[in-house]
Amino acid sequence: LHLQRVGLANQTTMLSSESMKIAELVKAAMVARYGEAAIKDHYRSFDTVCSATQERQDAIIELCQKNLDILLVVGGYNSSNTNHLCEIGAQYTVTYHISEADRIISPREIKHKPFGQKEEIITLDWLPSRPLTVGITSGASTPDKVVEDVILRLLSCRGITMDELQATIPLV
């Protein structure tokens, strides 16, 4: 009723598409009230999506289009950006959000937080013994060492040691 001028800046780690939709809804309301010609005097939207967050969101869509069997999303359960990566991944494939490597209990058990839920659960038979394509991504604030530990734990579930891996694929 009393809004004369509105500036919109959304949370930096939300999905870019959601941020854009919110901005367009607010703009439409302001255009309806003041007209398109006067919108610059009454409304401004600021692009506040973090570039690292946007890059990860774009990359996970590209990764998921490679017919993954499983996606592991590594990062804090309270991270908005990591939860959005889970949301995107779950649209494409089976997605497990884990906070760290020890959540991979065994090839039979994984402790994870499903998207949209608040608590961790244990899923059985999560890692089939057949050949798989597994994608791994992480939230922007997840340390590389945590991701490395997850990769090593996943490989160990398949009986692959770091020495065996280095013998077949030279790591730099």
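Only a predicted model underlies this, so the values are computations on that prediction, with no experimental measurement involved.
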Note, P114 side chain near H112 side chain (heavy atom, < 4.5 Å): yes
Side-chain heavy-atom pair V150, E100 within 4.5 angstrom cut-off: no
Centroid-centroid under 6.0 Å between Y77 and H97 rings: yes
Qualifying residues under salt bridge (Lys or Arg N to Asp or Glu O under 4.0 Å), relative to K66, sequence neighbours excluded: none
Sequence neighbours excluded - salt bridge (Lys or Arg N to Asp or Glu O under 4.0 Å) pairs with any residue from residues 117-133: D69-R130, R103-E120, R108-D125, K111-E120
Salt bridge (Lys or Arg N to Asp or Glu O under 4.0 Å) partners for D102, two or more places apart: none
4.5 Å side-chain heavy-atom contact, I22 and L25: no
Flag side-chain contact, heavy atom, 4.5 Å: I39 against Y34: no
Point-to-point distance, once rounded to the nearest 0.5 Å, from CD of Q65 to CD1 of I60: 11.0 Å
Within residues 121-159 or reaching into it, pairs that qualify as ring pair (Phe, Tyr, Trp, His ring centres under 6.0 Å) - sequence neighbours excluded: Y96-W126
Residue pairs, two or more places apart or on separate chains, that pass side chain to side chain donor-acceptor pair (under 3.5 Å) and touch residues 134-160: K145-D149, R153-S156
Qualifying residues under side chain to side chain contact (heavy atoms under 4.5 Å, CB included), relative to I151, sequence neighbours excluded: I136, V147, L155
Single-linkage hydrophobic cluster V74~L152, side-chain heavy atoms < 4.5 angstrom: yes
Cluster overlap F115 with V94, hydrophobic side-chain contacts below 4.5 Å: no
Those residues that, when tested against E109, pass salt bridge (Lys or Arg N to Asp or Glu O under 4.0 Å) (two or more places apart): none
Residue pairs fulfilling salt bridge (Lys or Arg N to Asp or Glu O under 4.0 Å) with at least one residue in residues 35-44, sequence neighbours excluded: none
A90: partners by side chain to side chain contact (heavy atoms under 4.5 Å, CB included), with sequence neighbours left out: T95
pair L63-Y92: side-chain heavy atoms closer than 4.5 Å: no
N67 vs T133 side-chain heavy atoms within contact, under 4.5 Å: no
Closest heavy-atom pair and its distance - I70, P128: CD1-CD, 4.1 Å
Sequence neighbours excluded, every pair satisfying salt bridge (Lys or Arg N to Asp or Glu O under 4.0 Å) that has a member inside residues 22-32: none
Listed partners of A29 passing side chain to side chain contact (heavy atoms under 4.5 Å, CB included), at least two apart: none
Gap between atom CD of E87 and atom OG1 of T82 - 0.5 Å precision: 12.5 Å
Steps toward side chain to side chain contact (heavy atoms under 4.5 Å, CB included) verdict (V73, I98): CA-CA 6 Å; V73 179; I98 61 173; over 6 Å; no
Evaluation steps, side chain to side chain contact (heavy atoms under 4.5 Å, CB included), between I88 and C64: CA-CA 9 Å; I88 293 168; C64 286; 5.5 Å; no
Which residues share a side chain to side chain contact (heavy atoms under 4.5 Å, CB included) with P107, sequence neighbours left out: L127, C157
Stepwise side chain to side chain contact (heavy atoms under 4.5 Å, CB included) check, I104 with L72: CA-CA 10 Å; I104 299 174; L72 293 176; 4.2 Å; yes
Interatomic distance, L132 atom CG to L68 atom CG [nearest 0.5 angstrom]: 10.5 Å
CA sep, side-chain torsions, deciding dist, call: N83, K113, side chain to side chain contact (heavy atoms under 4.5 Å, CB included): CA-CA 10 Å; N83 279 294; K113 187 184 83 59; 3.0 Å; yes
